[in-house]
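For reference, the structure discussed in these notes is given below.
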Amino acid sequence: MNENELIDLALNQPLAADEFKPVDLHIDRRAGLTIEWKDGKTSRFDLGYLRKMCPCAQCRVEREKPMAAKKPAAVGTSLTVLPSNIDKATTFDDAKLVGNYAISIVWGDGHKTGIYDFRYLRLICPTHGDSTIGK
Ligand SMILES: [Zn+2]
């Protein structure tokens, strides 16, 4: 399953399930995003990983490009997905809750269209999500 299929899968999960309900969120420039879930598990996300998995329409299109077209972006510092300054693209300026179902992150390079649904975050969690994703 790729990232885009995962986004669709996430949005079909029951919003009220304990495993998709955060009781505490913490975002930090160095430690990244930490979420404590109602089912007792804790997820930690590296900011670079979250940016790579950005669920916004623009990044979805970027990920769907054929490998050949994607090549320049995949090597080193990308000019399309992570424009020029990788540090800026993977740090955040601001983050806020969207209703009770998502977190929105404004990245250092100004990219701010990504709304990270909690169900999506849980599914892409490196320790408690689907381990075949994003590796
Ligand atoms: Zn995006």
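For ligands, and for the atoms within them, numbers begin at 1 and follow the listed sequence.
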Lys112 side, atom NZ; Asp93 side, atom CG - distance, nearest 0.5 Å: 10.5 Å
So does Gln58 get a backbone contact from the side chain of Arg63, meaning a donor-acceptor N/O pair under 3.5 Å? no
Residue pairs passing the salt bridge (Lys or Arg N to Asp or Glu O under 4.0 Å) test where at least one lies in residues 29-43, sequence neighbours excluded: Asp18-Lys38, Asp39-Arg122
Determine, for Asp109 against Arg51, whether the closest basic-nitrogen to carboxylate-oxygen distance falls under 4.0 angstrom. yes
Could you grab the protein N, O or S atoms closer than 2.8 Å to the Zn ion (ligand 1) for me? Cys54 SG, Cys56 SG, Cys59 SG, His111 NE2
Under the 3.5 angstrom rule, does the side chain of Tyr116 hit a backbone N or O of Leu50 as a donor-acceptor pair? yes
I need the Cys125 SG to Tyr49 OH distance, nearest 0.5 Å. 8.0 Å
